[in-house]
Protein chains: 2
Amino acid sequence: MIAPARNGWESVRAELLGRIARRIWKPGDSIPNEEDLAYEFGCARATVNRALRDLAAGGYVERRRKAGTRVALTPVRRATLSIPVLRVEVEAGGRSYRFAELSRAIEPAADLAAARLGVAAGAALLRLRTLHFADGAPFAFEDRWLNPAVLPDGAATEFGDLSANEWLVRNMAFSQGDIAFTAANAGAEEAGLLGVAPGAALFVTERTTWRQDQAITAVRLAFAPGYRIHTNL
Amino acid sequence: MIAPARNGWESVRAELLGRIARRIWKPGDSIPNEEDLAYEFGCARATVNRALRDLAAGGYVERRRKAGTRVALTPVRRATLSIPVLRVEVEAGGRSYRFAELSRAIEPAADLAAARLGVAAGAALLRLRTLHFADGAPFAFEDRWLNPAVLPDGAATEFGDLSANEWLVRNMAFSQGDIAFTAANAGAEEAGLLGVAPGAALFVTERTTWRQDQAITAVRLAFAPGYRIHTNL
DNA sequence: TAGTGGTCTAGACCACTAT
DNA sequence: TAGTGGTCTAGACCACTAA
């Protein structure tokens with residue numbers, strides 16, 4: 001019982017991580033099993049388990065039943081990004097938010113949108129194009145396809161004062177989704193909307209959300225230059 | 001005791017999330033406390049606690065002692081990104097990996113690098129510029145500043161067969177770090193190195209890592225066009 | 001088949017905070 | 001001050017998997 005560690009699972013985690021950082025346990029090494037560690041730390045196995053699960057979630061160790069726990073050979077860093085609604089993101093920076101809906105129409109699905117939503121090409125989808133502003137300056141251009149089949153009746157015409165973005169987040173809790181980040185040169189139209197030179201490098205996110213097996217929406221957001229996502233590791 | 005839910009905390013989580021999705025509990029609503037839910041589900045409070053902690057981590061609910069648990073008003077989606085070593089990322093796509101070190105020299109820290117690493121401007125830092133290839137094509141250009149003060153003696157000249165990227169991940173476990181994602185137009189030099197037109201939109205990551213209070217390295221990676229990060233929500 | 005992690009339980013005490 | 005979440009415990013059984 002070397003380390004009293006009377007601060008609970010977080011101090012157990014800290015001690016274990018410290019041993020990895022100090023290379024007492026090197027990448028690839030097995031570390032003692034939960035029961036032995038619990039004895040060493042003078043705590044219950046569940047406490048060690050919690051610490052080790054957290055380290056595994058962070059990519060520091062790999063765990064397999066019967067094989068035990070090993071220090072990750074080539075640690076995969078995991079970063080958690082918070083993706084707030086645009087309004088919240090803008091206002092969190094102390095700037096004022098507003099948005100302008102550029103267009104709203106039922107259109108036959110473009111091939112790309114159809115593929116992302118898993119509907120037949122040409123299926124009738126609601127398309128919304130919206131410009132978001134921070135302190136009056138263009139912040140992001142949103143091009144969204146919505147599947148009317150999964151929206152409550154009337155929703156397509158009534159988001160109230162909310163952007164489609166925020167309305168969906170509040171009203172269509174979803175069970176699945178994916179998101180991608182990439183960079184793209186501004187096309188002529190995007191450049192004009194965002195007030196930048198054609199060809200400017202834009203940060204782009206593409207998101208698709210589903211509920212059960214039904215696609216709800218696919219959206220592409222192009223952010224004005226200078227936008228960055230930041231997080232801790 | 002409505003729901004037997006004999007599959008453990010994950011089924012409790014699923015049922016709770018289902019009630020949120022079906023708007024039985026609406027955004028802003030309080031939900032029953034852990035003890036009541038445990039009674040309803042016929043399980044221990046710890047099991048409900050685990051499910052609710054997971055939902056809180058996912059941004060679905062907000063919890064405060066005494067105030068209880070509420071459905072998040074404007075859910076903040078959280079996405080977890082895996083950030084592997086470049087070699088692993090390339091090879092995971094079935095492509096061959098190699099890298100070429102373009103330069104390695106002690107240089108006075110540029111203002112930007114000095115600020116990111118928290119050292120005096122002009123301090124002597126090791127600068128490494130590396131080009132990474134996937135299937136022989138340029139994949140990413142790396143511009144890295146290293147703090148020699150925190151490297152083991154000789155490390156600056158001996159990474160073996162590993163890229164600095166991978167050597168650091170394996171040998172310098174760090175306690176803190178941050179990462180940012182943005183987009184930038186390729187400058188003349190970058191364009192030449194990556195084999196793209198000047199001005200092409202590049203996906204850029206900037207990472208700084210620390211051990212205790214000492215900065216280890218600051219690195220900027222510019223990825224060839226077409227690169228994207230993808231994850232589930 | 002045996003060792004290890006994954007999880008559950010019933011109870012307990014503590015920490016925070018709304019009232 | 002009292003209600004709620006946060007965590008710990010000691011023990012138990014289960015699930016997976018390496019040998």
Side-chain angles (χ1 to χ4, degrees), chain A residues 1-17 19-20 25 28-73 75-76 78, chain B residues 1-17 19-20 25 27-73 75-76 78 80:
Chain A
M1 216 187 290
I2 295 178
R6 261 289 157 275
N7 296 335
W9 72 270
E10 292 190 298
S11 63
V12 172
R13 188 198 119 108
E15 171 58 23
L16 297 173
L17 190 52
R19 292 184 189 179
I20 293 171
W25 295 327
D29 284 358
S30 272
I31 74 179
N33 67 27
E34 295 186 347
E35 192 171 346
D36 290 351
L37 288 170
Y39 177 78
E40 182 195 345
F41 289 122
C43 65
R45 181 166 79 97
T47 304
V48 172
N49 178 272
R50 175 118 188 231
L52 282 172
R53 267 195 293 114
D54 192 79
L55 290 177
Y60 294 100
V61 300
E62 293 167 357
R63 320 194 72 195
R64 288 203 320 278
R65 285 160 155 130
K66 166 78 176 181
T69 302
R70 290 174 175 275
V71 179
L73 209 48
V76 175
R78 295 197 176 90
Chain B
M1 217 185 290
I2 296 176
R6 262 289 155 275
N7 296 335
W9 72 272
E10 292 190 295
S11 64
V12 172
R13 189 199 119 107
E15 171 59 23
L16 296 173
L17 191 52
R19 292 184 189 179
I20 293 171
W25 295 326
D29 284 358
S30 272
I31 73 179
N33 68 28
E34 295 185 348
E35 192 172 347
D36 291 350
L37 288 170
Y39 176 76
E40 181 195 346
F41 289 121
C43 66
R45 180 166 79 94
T47 304
V48 172
N49 177 272
R50 174 109 188 239
L52 282 172
R53 266 196 293 113
D54 192 79
L55 290 177
Y60 295 100
V61 302
E62 293 168 356
R63 320 194 72 194
R64 288 199 325 274
R65 284 159 155 128
K66 167 76 176 180
T69 302
R70 290 173 175 277
V71 179
L73 211 46
V76 174
R78 295 198 176 89
T80 300

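Each chain gets a letter, A, B and so on, in the order the sequences are listed, and its residues count up from 1. Side chains are part of it too, since the values below use all heavy atoms of this structure and drop only hydrogens, waters and symmetry mates. Only a predicted model underlies this, so the values are computations on that prediction, with no experimental measurement involved.
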For [X] and [N], give me the distance from atom [atom1] to atom [atom2], rounded to whole Å.
X        : N       : atom1 : atom2 : value
Glu35(A) : dA12(D) : CD    : P     : 12 Å
Arg53(A) : dC8(D)  : CZ    : P     : 11 Å
Phe41(A) : dT9(D)  : CZ    : P     : 12 Å
Asp36(A) : dT4(C)  : CG    : P     : 8 Å
Leu55(A) : dG5(C)  : CG    : C1'   : 14 Å
Glu34(A) : dT7(C)  : CD    : P     : 10 Å
Glu10(A) : dA15(C) : CD    : P     : 13 Å
Arg13(A) : dT7(D)  : CZ    : P     : 13 Å

Confirm from the modelled atom types if Arg45(A) and dT4(C) form a donor-acceptor pair under 3.5 Å, side chain to base only. no

Stepwise side-chain contact (heavy atoms from CB on, under 4.5 Å) test for Val61(B) and Leu16(B): CA-CA 10 Å; Val61(B) 302; Leu16(B) 296 173; over 6 Å; no

Any donor-acceptor N/O pair, Arg70(B) side chain to Gly28(B) backbone, under 3.5 Å: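 A pair under 3.5 Å: yes.
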
dist Arg63(B):CZ -> Asn33(B):CG (nearest 0.5 Å) comes out at 9.5 Å

Euclidean distance, Ile20(A) CD1 relative to Tyr60(A) OH, rounded to 0.5 Å: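 Result: 9.0 Å between the selected atoms.
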
Any side-chain N or O of [X] under 4.0 Å from OP1/OP2 of [N]?
X        : N       : value
Thr47(B) : dT7(C)  : no
Asn49(A) : dG6(C)  : yes
Asn33(B) : dT4(D)  : yes
Arg64(B) : dT4(D)  : no
Arg65(B) : dA18(C) : no
Thr69(A) : dG5(C)  : yes

Taking Watson-Crick (N1-N3 plus N6-O4 or O6-N4) and G-U wobble (N1-O2, O6-N3), each under 3.5 Å, can you produce the dot-bracket string of DNA chain C? Use [ ] for crossing pairs and | for inter-strand ones. ||||||||||||||||||.

Return all side-chain donor-acceptor pairs below 3.5 angstrom for residues 48-59 of chain B, not counting sequence neighbours, or 'none' if the list is empty.
{"unit_1": "Asn49(B)", "atom_1": "OD1", "unit_2": "Arg53(B)", "atom_2": "NE", "d": "3.0"}
{"unit_1": "Asn49(B)", "atom_1": "ND2", "unit_2": "Glu34(B)", "atom_2": "OE2", "d": "2.8"}
{"unit_1": "Asp54(B)", "atom_1": "OD2", "unit_2": "Arg13(B)", "atom_2": "NH1", "d": "2.4"}

Side chain of Arg63(A) only, please: which of dG6(C), dT7(D), dG3(D) is the nearest?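 The answer is dG6(C), which lies nearest to the side chain.
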
Which of dT7(C), dC8(C), dA18(D) is nearest the side chain of Lys66(A)? It is dA18(D)

Trace of the side-chain contact (heavy atoms from CB on, under 4.5 Å) decision for Thr47(A) with Phe41(A): CA-CA 10 Å; Thr47(A) 304; Phe41(A) 289 122; over 6 Å; no

State, to 0.1 Å, how close Ser30(A) and Ala67(A) come at their nearest heavy-atom pair, and which atoms those are. OG-O, 4.5 Å

Find which nucleotide of DNA chain D each of Ala46(A) and Ala67(A) is nearest to by heavy atoms, and output the residue with the more 5' nucleotide.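 Nearest-nucleotide comparison on DNA chain D picks Ala46(A).
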
Could you walk me through whether Leu37(A) and Val12(A) pass the side-chain contact (heavy atoms from CB on, under 4.5 Å) check? CA-CA 9 Å; Leu37(A) 288 170; Val12(A) 172; over 6 Å; no

